[in-house]
Amino acid sequence: ASPLTLRIVAECPVTKARACDIILPHCAVSSPVFMPVGTQGTLKGITVDQLEGLGCQICLGNTYHLGMRPGPDLIEKANGLHGFMNWKRNLLTDSGGFQMVSLVELSEVTEEGVKFKSPYDGKEILLSPEKSISIQNSLGSDIMMQLDDVVSSTVTGPRVEEAMLRSIRWLDRCIAANKKPDKQNLFAIIQGGLNAELRKACLDEMTQRDVPGFAIGGLSGGEEKNDFWRMVTLSTDHLPRQKPRYLMGVGYAVDLVVCVALGCDMFDCVFPTRTARFGSALVPWGSLQVKHKQYAKDFQPIDPDCQCPTCKRHSRAYLHALFKSDTAAMHHITIHNIAYQLTLMRSVRQSIVEGRFPEFIRTFMKRMFPSPDQYPSWAVDALASVNVTLE
Amino acid sequence: MAGSRVKLELTRVVQGRSRLGVLKGLGRTGQHSLEVPGCLLHTHVGTVPHLTQDTLHTLSNLPSVTQVTLSNIAEHQEVLEEFKDGFRKFAVWGSGGRIELTVAKFMALQKAVQPDWYQSMADGETWQNNTSRKRVRKSVDRTLAHLDECLLVHQKSQELEGVEIFGVVEGGDILEERVRSARETAKRPVAGFCLDGLQTGSMDRALRTQLITALTKELPEDKPRGFSLPAFIVPHKCSTPGGDGESGSSSEFEKEDLKEAVVTERGCALCFGFDISPDPELAGRAPHAVLGLDEERDMAGETQQNGDLNLDDQTQMTSFEINLKDKSYQDDFRPLVEGCGCYCCKNHQRAYLHHLLVTNELLAGVLLMIHNTAHYQAFFGALREALAIDKLDLLKRRVLRERARQTQ
Ligand SMILES: [Zn+2]
Ligand SMILES: [Zn+2]
């Protein structure tokens, strides 16, 4: 049996949303859940104690980066990524394939795997499904991702089908390569681009494999939002109810709320932490640019309703002043942004459990947009597809 | 000013120079105290570099006094004037500081900041070498004139009631001017003294010792004396703890202390030992208190030291630190300093710090700052303890021996 148990705590009677407890080796995760991204075994200046303090139950590490530096052998010696970064809760690692295709110019995909030149020493490296799993086994993550053949969501034509079919073959190789199936979960990634038939074909094949969870991949790469939500809802329609569904690379508040309604459980995105570095604080009405002059004399916290350590102690004016001279300003905003994402997901979950998720969505949208005519039409359509009408 | 409320209570004076005591009556209500010798927390706009309140408060035994460089906050003056509660509430921390400004602007800033104490305006350009005697004399005169002007405004100002002024002793490297500056400043109603331009590295060590010895004789026994480091003019030059064996002999606190910050910025961890505990159990452990020191004798090159105490630039390390960027730490799963109780040492290993540094991750600065601040504060604690039990010489030897050992 895989080291993952999914308990459905509540299902929304109107939408496809659900609240689950996902029991993983290091602790239980309450879903829907947003997973902050700690690329290099650290989360943008935040200590593991601070992250734990914010209630984070699972975060991400990037296989590509960690495989390069400090390397799987060293991390294995340090008792895995958990030991290396001293994180006591769950970790999810990606396969490394996406980073390779997006970061390394000289990469080439063959049936064997992804070939690329190391940006550090120029050596040619092959990331095969077996190699990816071997690195992830060394990292010791609670959830590993299969290596998939990633094509941009805006690509069309036969390459999309090739990538989908190859991802299925690679899934089988990854399953076979997992040396610790009793300790580490391997998730499959649904591909098929924006083509409903290819997605469906991929879903049919992959759901026949006995994997502990599924990810919806190949989206959130600049495609039309109309295509995006249709692919998401198609996927959740065909994914098994008793396994977690992870929508990769999604982290904007509106996208999160809509995609929870479409039946997704897990999300990750670098956006909240990246935007913090530029002084952008996430708030229920969008974002607040701490660097803007209008906050120089504004003595309120970023969000008066926010309970995070930053909002409890510091004013917008103080953060505005600090931003000019010290990196701690970024840490303050990073902490707030992670708190915002985690709190948002907790309130979503709470509303599902209490059977008032549709109402939650309406209140959320009202607060996020100045008026209903500014609601994005894709969100309105997506929500209508799961029986939620916005006035 | 109705007499200075800040009081230095000396519990011990060793060899007529080294003083142990408590600086009392600090804070606007006089509720704070600072043990001396001691070292202030340096801040950027009231934040210790890299640290948020969460990470800062993993540190125990922090001094109750924080220092803010005025150049950091001068641009926020207007904001502070609007925010009536003063800088402490604005930044959650207290303050004190210096800047080159007109007296009027300088005093307006103090009123807005409402520090616990501040350093009078000074003309301190004379730390550059080879400054002419004439220029030095002028700087002493101007500094005294500034002090008088500041005192005049200060005494009339309601906002600054309960706030203390520290006088600045200038005089470059000319003994007579130093003595004159000290004598004249001591005549004014100041709460204490800042010895400006005497940081290691900016002048010959023998001359520096001579000047400090002369100054300590001039300054009244009952008032605190501090080193003021020219942080924002020569931002990366600062003194080394125990470096010349003089630390603690004349200064009760180091002002604008950038030591931890500077070490942190170059990716280093302070690791010098200062354990002189007579406790047999602890004493037995003492040689190992600093991990790696014993090994370093055998494995030359584990730390790269240059043994040079004068920090000419930020990239130059002293022998009191280890450079975690060094490849040898890549698979070193020990804490920075064995037995150190700081958050960093209790939770992380050198290998992880090395990784954070080579990948340019922000957490490296946070963790190193935590350790370096803890280590530096602990060193000052050891200094006070050594004074209390008459073991300053032993501590000096211990710190210096370590350096000698490391530079072998
Ligand atoms: Zn907040
Ligand atoms: Zn430490």
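Naming: A, B, ... by sequence-line order, numbering from 1 per chain.
With a threshold of 4.5 angstrom between heavy atoms, A/P309 approaches chain B through side-chain atoms but not through N, CA, C or O. For A/M330, the part lying near chain B is the side chain, with the backbone staying farther off; criterion is any non-hydrogen pair under 4.5 Å. For chain B, no part of A/D73 is nearby; none of its heavy atoms comes within less than 4.5 Å. For a residue to count as touching a neighbouring chain, one of its non-hydrogen atoms must lie under 4.5 Å from one of that chain's; by this rule B/L356 touches chain A with the side chain only. Both the backbone and the side chain of A/Q40 come within less than 4.5 Å of a heavy atom in chain B. The contact between A/I46 and chain B is made entirely by backbone atoms, counting heavy-atom distances below 4.5 Å. For B/Y352, the parts lying near chain A are the backbone and the side chain together; criterion is any non-hydrogen pair under 4.5 Å.
Using modelled atom types and a 3.5 Å distance limit, the side chains of A/H336 and A/D303 yield no donor-acceptor pair. A side-chain donor from one of A/Q136 and A/S132 sits under 3.5 Å from a side-chain acceptor of the other.
Looking at A/I302 and A/C308, their side chains never come closer than 4.5 Å, going by heavy atoms from C-beta outward.
In this structure, A/H292 and A/Y295 have parallel ring planes: the angle between them is below the 30° cut-off, well short of the 60° mark.
For the atom pair CD1 of A/I335 and OG1 of A/T273, the computed distance is 12.5 Å after rounding to the nearest 0.5 Å.
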Query raised in the report: What's the verdict on side-chain hydrogen bond (donor to acceptor under 3.5 Å, both in side chains) for A/T47 and A/D49, showing C-alpha distance, side-chain angles and the deciding distance?
Result: CA-CA 5 Å; A/T47 67; A/D49 275 18; 5.7 Å; no
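Across B/N347, B/D331, B/L363, the residue that shares the most heavy-atom pairs under 4.5 angstrom with chain A is B/L363.
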